[in-house]
Number of protein chains: 2
Amino acid sequence: MLKLSRLADYAIVILVKLGEQDGVVTSPALAVITGVPEPTVAKVLKVLSAHGFVLSQRGAKGGYRLARSLADMSVASVIAAVDGQIALTACVGGRECDTGLSCGLCGSWDVINTAIRSTLEGISLESMRPKEACPTVLSQINKLNAPHTVREGA
Amino acid sequence: MLKLSRLADYAIVILVKLGEQDGVVTSPALAVITGVPEPTVAKVLKVLSAHGFVLSQRGAKGGYRLARSLADMSVASVIAAVDGQIALTACVGGRECDTGLSCGLCGSWDVINTAIRSTLEGISLESMRPKEACPTVLSQINKLNAPHTVREGA
DNA sequence: CCGAAACAGGACCATTCAGGTCTTTAATTA
DNA sequence: TAATTAAAGACCTGAATGGTCCTGTTTCGG
């Protein structure tokens, strides 16, 4: 599967969504927009803030906004921020393998890692903007656009 | 981190090592060569056999050998065999997202997935052959080449 | 003919780690 | 001063991976 973590997935979605709003947006609001649970959104946002992807404003009327344009954020950089270094194996950078495994392939993995990394660096968040959103999902977004529905459960 | 599973890691190592031997090799022997625990080697080998990467010979004097050349095996195919489909997110093939997440990015992920997959398909196991093995690991391999040390614990 | 060696297949357990929640603190604004 | 909101971190839970073991079947050697 080689799948990336859900947190990284969320991070990308959140950033793209944040880029579509103007002004600061609170994490509860982003939770509604993205459908991700509020605490998780807050958690992701904190990480993104620490890595300079978003700017935070505390206090009342506070919230988050993008630190720079989506075009200036690569998928690779976001994943690296949330999940750490992008590497397909524990055997990175020519160092010996984790368990002293006598794989003898140490250097070879870097070929793969580099290839993957450069592939991901070539994809900006701007290019992740939805051209054609899933129809089933569109209705949900519209439904949530009513601002006052946020308060229901809280 | 986007790291692939350890099983897939093992599979690649085992295949490369198997390609360096001639004749059939038993899984205990491969365990010694690779440093991976025997039961795990056997497990990986079974999967590889089921997917046609290796040929098995049962009974005494049995063992495994490559079904085809390392050059004819891509990293992508091995990973797919061991771990299943290569995909960076649950949102694959344009289907709607898993939890009805209103990400609205559905189609965009495929760009990434395709890029990763083709990158990995372009790397053959032959190119994973060690040109310069880690020095710390080389000694370990030499030490294990003495055939009778295998019997110790068994 | 019998026993050992080795693969086949599956069940099973344990550990790890990611995901998610909650609590407290600090800052900002009205 | 009170209310709102982000910041930070501790903590719990659950799924999934990794790893082990058991039983059966096949083949070779004595």
Side-chain angles (χ1 to χ4, degrees), chain A residues 1-11 13-14 18 23-32 34-65 67 79 82-84 89-90 98-99 101 150-151 153-154, chain B residues 1-11 13-14 18 23-32 34-65 67 79 82-84 89-90 98-99 101 150-151 153-154:
Chain A
M1 10 113 161
L2 196 112
K3 63 172 183 286
L4 85 164
S5 76
R6 202 173 300 180
L7 271 306
D9 194 326
Y10 290 164
V13 173
I14 288 172
L18 189 54
V24 296
V25 185
T26 67
S27 50
L30 270 173
V32 173
T34 59
V36 178
E38 294 185 31
T40 302
V41 172
K43 187 181 204 174
V44 173
L45 246 7
K46 273 181 278 188
V47 174
L48 292 176
S49 174
H51 284 82
F53 289 94
V54 300
L55 299 175
S56 65
Q57 184 175 335
R58 302 176 69 157
K61 289 276 188 176
Y64 295 93
R65 59 189 176 88
I79 293 177
V82 176
D83 282 347
T89 160
D98 47 354
T99 62
L101 195 73
V150 186
R151 297 316 210 94
Chain B
M1 357 80 192
L2 193 112
K3 65 169 183 288
L4 85 165
S5 77
R6 202 172 299 180
L7 272 306
D9 194 324
Y10 291 164
V13 174
I14 288 172
L18 190 54
V24 296
V25 185
T26 68
S27 53
L30 271 172
V32 173
T34 60
V36 177
E38 294 186 30
T40 302
V41 172
K43 186 181 201 173
V44 172
L45 245 7
K46 274 181 277 190
V47 174
L48 291 176
S49 174
H51 284 82
F53 288 94
V54 299
L55 299 175
S56 65
Q57 182 175 335
R58 302 177 70 157
K61 289 277 187 174
Y64 294 93
R65 59 191 175 85
I79 294 176
V82 176
D83 282 346
T89 159
D98 47 354
T99 61
L101 194 73
V150 185
R151 301 313 213 88

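Numbered from 1 within each chain, the chains take letters A, B, ... in sequence-line order. This one's a predicted model, so the numbers in the text were calculated from it and none came from an experiment. The figures that follow rest on heavy atoms only: side chains count, while hydrogens, waters and symmetry mates do not.
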Tell me the interatomic distance from [X], atom [atom1], to [N], atom [atom2], rounded to whole angstroms.
{"X": "K43(A)", "N": "dC22(C)", "atom1": "NZ", "atom2": "P", "value": "13 Å"}
{"X": "H51(B)", "N": "dG9(C)", "atom1": "NE2", "atom2": "P", "value": "12 Å"}
{"X": "L18(B)", "N": "dC7(C)", "atom1": "CG", "atom2": "P", "value": "11 Å"}
{"X": "K46(A)", "N": "dT23(C)", "atom1": "NZ", "atom2": "P", "value": "14 Å"}
{"X": "L45(A)", "N": "dG20(C)", "atom1": "CG", "atom2": "P", "value": "15 Å"}
{"X": "R6(B)", "N": "dT15(C)", "atom1": "CZ", "atom2": "C1'", "value": "11 Å"}
{"X": "L55(B)", "N": "dC7(C)", "atom1": "CG", "atom2": "P", "value": "13 Å"}
{"X": "D83(B)", "N": "dT17(D)", "atom1": "CG", "atom2": "P", "value": "8 Å"}

For [X] and [Y], which heavy atoms make the closest approach, and how far apart are they?
{"X": "A67(B)", "Y": "G52(B)", "answer": "CB-O, 3.3 Å"}
{"X": "P37(B)", "Y": "A31(B)", "answer": "C-CB, 4.3 Å"}
{"X": "Q57(B)", "Y": "V24(B)", "answer": "OE1-CG1, 3.6 Å"}
{"X": "V82(B)", "Y": "A8(B)", "answer": "CG1-N, 3.7 Å"}

Is [X] close enough to [N] that one of its side-chain N or O atoms is under 4.0 Å from OP1 or OP2 there?
{"X": "T40(B)", "N": "dT20(D)", "result": "yes"}
{"X": "Y10(A)", "N": "dG20(C)", "result": "yes"}
{"X": "S27(B)", "N": "dC7(C)", "result": "yes"}
{"X": "T26(B)", "N": "dA5(C)", "result": "no"}

With heavy-atom distances below 4.5 Å as the criterion, would you say the side chains of V41(B) and Y10(B) are in contact?
no
Find which nucleotide of DNA chain C each of P37(A) and S49(B) is nearest to by heavy atoms, and output the residue with the more 5' nucleotide.
S49(B)
Side chain to side chain contact (heavy atoms under 4.5 Å, CB included) between V36(A) and V13(A): does it pass, once the steps are laid out?
CA-CA 10 Å; V36(A) 178; V13(A) 173; 5.8 Å; no
About how many Å separate CG of L18(A) and OG of S27(A), when rounded to the nearest 0.5 Å?
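The CG atom of L18(A) is 11.0 Å from OG of S27(A), to the nearest 0.5 Å.
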For the CG atom of L55(B) and the CG atom of L48(B), what is their distance to the nearest 0.5 Å?
11.5 Å
Can you check each nucleotide of nucleotides 25-30 of chain D against protein heavy atoms at under 4.0 Å and return B for base, S for sugar-phosphate only, - for none, in 5' to 3' order?
BBBSS-
Check nucleotides 13-15 of chain D for protein N or O atoms closer than 3.5 Å to its own N or O atoms and list the pairs.
none

With side chain to side chain contact (heavy atoms under 4.5 Å, CB included) as the test, pick out the partner of L7(B) among V47(B), I79(B), T40(B).
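Running side chain to side chain contact (heavy atoms under 4.5 Å, CB included) over V47(B), I79(B), T40(B) with L7(B) returns exactly one hit, T40(B).
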Using the side chain to side chain contact (heavy atoms under 4.5 Å, CB included) definition, which of the options L30(A), V25(A), T26(A) pairs with L45(A)?
L30(A)
Side chain of Y64(B) - closest among dA6(D), dA8(C), dG18(D)
dA8(C)
Answer with base, sugar-phosphate or nothing: what part of the nucleic acid does P39(A) contact at a heavy-atom distance below 4.0 Å?
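Counting heavy atoms under 4.0 Å across all strands, the contact made by P39(A) includes a base.
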